[in-house]
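Please read the structure below before turning to the comments.
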Amino acid sequence: MYMACDNPGITNIRKGILVPMIQKCYVVWVGRTPGIYETWDECKSEVVGFPEARCKGFSTLEQAEKALKDGWEKHWGKKDQKYKADIKYPDEIQKNSIVVDVSCSGPNGPMEYRGIGLKEKRIIFERGSFRVGTNNIGEFLAIVEAIRHIAKNGHYDTIYSDSQVAIGWVRNKTCKTTLERSEATKEIHAIIDEALEWLRKNKYSCKVIKWKTTQWGEIPADYGRK
RNA sequence: ACAU
DNA sequence: GAATGT
Ligand SMILES: [Mg+2]
Ligand SMILES: [Mg+2]
């Protein structure tokens, strides 16, 4: 029996480590007998070989009941919010931590990043979208923002990032981005410069450590767009 | 090669 | 397939 996470959309799936998405209700709008089914097998037998059949999986009975009333037109081909299974992380992982990640649509942006409290699965900060920025710049700014959050508010003692590059930049208090300084990039560079200045002028005691993606699956702050 |  | 980085 899976427990529904009350903050869907910020946990991730990795076979063998994390549990798959909860999808326990299947709505059949157009099939042999329209209604709600508990398994894919049942659902399948309602729709296979049925012309123009319409069905879809949902996480909760409530969602499914609403979707059945809505009709398939409102849900077909759309991404409804799916609840993810709650996750048991390995003991090795520091639970009193903020996990961060970036999402970068193109090589130079748009870029956004966020930090999430691992234990509470709560979004602590979200920044962007920045018109220009690289993956590594976003990973870097995310870590610095998490450090500053902890320096100011306490509550956490560890930051996880999956970025070898950004962890290094933070450690060295330097940003070796290849993104040229130009009129088009001056905004993001100003933000980087301010972050570096804070790092160099302030002390902090939280640890910044590597999220071991190959062992633990995608970092829970991941945007799930890959 | 490693991490994104 | 491409780019950002050590
Ligand atoms: Mg990342
Ligand atoms: Mg990611």
Side-chain angles (χ1 to χ4, degrees), chain A residues 9-18 20-21 84 87 89-118 121 123-150 156-200 204 206-226:
Chain A
I10 63 169
T11 51
N12 287 297
I13 301 306
R14 183 91 181 182
K15 277 177 198 139
I17 299 164
L18 307 181
M21 187 186 296
K84 305 294 175 52
I87 290 162
Y89 293 106
D91 291 342
E92 185 191 350
I93 294 177
Q94 294 288 322
K95 304 303 191 302
N96 196 22
S97 57
I98 297 175
V99 293
V100 301
D101 200 24
V102 68
S103 171
C104 202
S105 314
N108 287 320
M111 176 274 284
E112 63 191 309
Y113 63 84
R114 64 184 175 183
I116 288 169
L118 181 64
K121 302 185 182 74
I123 295 174
I124 296 171
F125 58 83
E126 271 186 300
R127 300 294 177 249
S129 178
F130 301 93
R131 261 188 28 269
V132 350
T134 67
N135 58 343
N136 294 320
I137 288 171
E139 301 268 22
F140 169 76
L141 293 176
I143 295 173
V144 176
E145 178 130 1
I147 291 173
R148 294 173 74 162
H149 178 89
I150 295 175
Y156 304 91
D157 53 40
T158 302
I159 294 157
Y160 278 109
S161 165
D162 64 20
S163 172
Q164 192 181 95
V165 170
I167 292 171
W169 289 357
V170 169
R171 187 175 51 238
N172 300 328
K173 303 182 195 288
T174 185
C175 172
K176 294 181 61 179
T177 183
T178 59
L179 186 70
E180 56 163 346
R181 277 185 190 268
S182 69
E183 201 57 33
T185 67
K186 66 183 240 189
E187 267 198 57
I188 196 70
H189 266 108
I191 296 171
I192 295 167
D193 292 342
E194 199 277 333
L196 287 171
E197 186 182 359
W198 189 93
L199 279 182
R200 290 166 182 156
Y204 59 91
C206 61
K207 303 296 179 246
V208 179
I209 58 185
K210 179 72 173 69
W211 180 269
K212 298 178 184 175
T213 304
T214 53
Q215 296 178 36
W216 306 336
E218 280 279 18
I219 193 163
D222 182 56
Y223 286 79
R225 297 168 181 172
K226 298 187 308 299

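Sequence lines set the chain letters: A, B, ... in the order given, protein chains first and strands last, and positions in each chain run from 1.
- Residue A/T134 places its side chain closer to C/dT4 than to any other of C/dT6, B/U4, C/dT4.
- Here the C1' atom of nucleotide C/dG5 and the CD atom of A/E180 are 17 Å apart, to the nearest Å.
- A/I167 has its CD1 atom 15 Å from the P atom of C/dG5, to the nearest Å.
- The CD1-C1' distance, from A/I143 to B/U4, rounds to 11 Å in whole Å.
- Between the NZ atom of A/K212 and the C1' atom of B/U4 there is a distance of 17 Å, rounded to whole Å.
- Put simply, A/W169 has a side-chain N or O that comes within less than 4.0 Å of OP1 or OP2 on C/dT6.
- Not a single donor-acceptor pair under 3.5 Å links the side chain of A/R114 to the backbone N or O of A/I123.
- At least one donor-acceptor pair under 3.5 Å links the side chain of A/K95 to the backbone N or O of A/I93.
- In this model, the phosphate group of B/U4 is approached by a side-chain N or O of A/T213 to a distance below 4.0 Å at OP1 or OP2.
- A/D162 comes within 4.0 angstrom of sugar-phosphate atoms only, judged by non-hydrogen atoms across all strands, and of no base.
- Rounded to an integer number of Å, the gap from CG of A/N108 to C1' of C/dA2 is 12 Å.
- Atom CZ in A/F140 sits roughly 15 Å away from atom C1' in C/dT4 (whole-Å rounding).
- Distance CG/A/L199 to CD1/A/I143: 9.5 Å, rounded to 0.5 Å.
- Side-chain N/O atoms of A/T177 include none lying less than 4.0 angstrom from OP1 or OP2 on C/dT4.
- Between A/K210 and B/U4, a side-chain N or O to OP1/OP2 separation shorter than 4.0 Å is present.
- A donor and an acceptor atom never sit less than 3.5 Å apart when one is taken from the side chain of A/N136 and the other from the base of B/U4.
- In this structure, the side chain of A/S129 does not engage the main chain of A/E112 through any donor-acceptor pair within 3.5 Å.
- A/Y156 contributes no side-chain N or O that, together with a main-chain N or O of A/H149, makes up a donor-acceptor pair within less than 3.5 Å.
- Rounded to whole Å, atom C1' of B/U4 lies 14 Å from atom CD1 of A/I137.
- Between A/D101 atom CG and B/U4 atom C1' there is a gap of 9 Å when expressed in whole angstrom units.
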